[in-house]
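These notes are about the structure you will find just below.
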Amino acid sequence: MSTEEERQAAEPASPILRTDHDRRAPVSLLVAIALAASLLGIVLGILIDWFPFQASEQAEQIDTVYDVLLAASVPMFVLVMTVVGYCVWKFRMKPGEELLDGPPIHGNTRLEVIWTTIPALLMLALSTYAYIVLRDIEAAPAAGQPELNVRVVGEQFTWTFYYPAESEGGEEIASAQLYVPQGQSVKFDVQSKDVIHDFWVPAFRMKIDAVPGITTFYRVTPTRLGSYPVVCAELCGIGHSVMRQTATVLSPEDFDQWLADERAGGGEEETGGGGEGEQAGGGAVDGAELFTGVQPSCGACHQLADAGTPAGVGPNLDESLAGKDEEYVRRAITDPEADIAEGFSGGIMPSNYGETLDPAEIDALVEYLMETTQG
Ligand code: CUA
């Protein structure tokens with residue numbers, strides 16, 4: 001066979017065959033590159049703020065898992081890429097080598113044992129760690145600790161949240177928005193009326209499919225006051241992307257008050273969207289009360305000196321509304337995407353306050369904000 005003869009004839013002169021001494025030098029260079037790139041990758045990976053707020057105890061543990069997995073996988077990736085990149089560059093074909101073949105290589109038992117054992121041990125360690133965290137975040141609270149049970153029902157294209165009746169045999173309280181108490185374990189029993197949805201509150205980090213015919217669950221212990229998006233994370237039809245609601249973490253006292261109001265008021269709020277609790281006193285709508293009230297709970301996201309709210313999800317209103325006219329303030333409520341404050345991104349503030357608040361409520365909020373931010 002002529003090519004075989006050619007190959008053998010060319011072999012002694014082949015640039016692919018090198019002495020041991022020649023091969024050693026680049027190894028230390030490769031190790032140095034891999035170490036530097038790994039270090040850079042890990043530092044970047046941990047410094048970059050990948051996630052939304054941590055609003056639950058579970059979130060802290062899950063983010064730690066993420067960081068550990070990242071720190072373990074970056075060196076693997078870098079190692080493989082460095083060797084591949086080096087080989088592509090170093091052993092590329094040069095002119096005149098078209099018919100050459102590399103030296104025959106047989107198995108290397110020591111290498112094979114190493115590259116099987118190390119990844120296997122790593123996998124075992126990481127999955128054990130992940131399993132322990134999973135058991136931990138799914139665990140029921142200790143005996144005697146209270147736990148709130150919320151039934152979450154998905155349908156095309158909305159979630160409904162059911163709270164336990166006040167007494168055995170009573171009727172559940174249905175709510176279009178999710179409210180949970182800070183610092184208390186909440187167990188969500190997740191169901192679906194039609195197709196598969198997925199109940200996800202990114203700030204809580206937990207998510208699970210809502211599957212017709214069965215009840216799935218997860219637990220969350222909210223830690224951070226504020227409002228966070230509830231998202232459907234399973235493509236469920238044409239309205240999937242608008243299957244979004246709000247989860248609001250309230251102090252235990254505010255939560256008890258909210259639940260008591262809901263129980264007293266019956267289910268009429270479902271379509272209205274809110275506000276009647278704040279107006280219960282009768283007469284004019286009070287902008288200050290609206291601002292800090294359960295709906296729309298501006299104070300959960302915005303700092304405002306007059307209201308004493310320290311939140312930083314959205315812009316500090318004392319600064320962002322100073323010197324602005326009434327039109328601007330009104331637009332900031334009803335069309336928040338129109339002017340995005342510096343340092344904040346769009347799409348965070350709910351854009352439907354124009355519909356969920358009635359005109360009198362919006363007037364009251366605008367009046368209150370004009371009074372408090374123009375001093
Ligand atoms: Cu429900 Cu996507």
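We count ligands from 1, going down the list as the structure has it; atoms in each ligand are counted the same way.
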Whether Phe188 and Tyr218 hold their rings parallel, tilted or perpendicular, with breakpoints at 30° and 60°: perpendicular
Hydrogens and angles aside, do Glu57 and Thr223 bring a side-chain donor and acceptor to less than 3.5 Å of each other? no
Please report the shortest heavy-atom distance between Leu357 and Ile362, naming the atom on each side. CB-CG1, 3.8 Å
Ion pair Asp335/Arg330, N-O distance below 4.0 Å: no
Partners passing ring-ring contact (aromatic ring centres under 6.0 Å, His included) against Phe255 (at least two apart in sequence or in another chain): Trp258
Just the protein N/O/S atoms under 2.8 Å from atom 2 (Cu) of ligand 1, please, no waters. Cys232 SG, Glu234 O, Cys236 SG, His240 ND1
Working for side chain to side chain contact (heavy atoms under 4.5 Å, CB included), residues Phe291 and His302: CA-CA 9 Å; Phe291 189 87; His302 291 286; 4.3 Å; yes
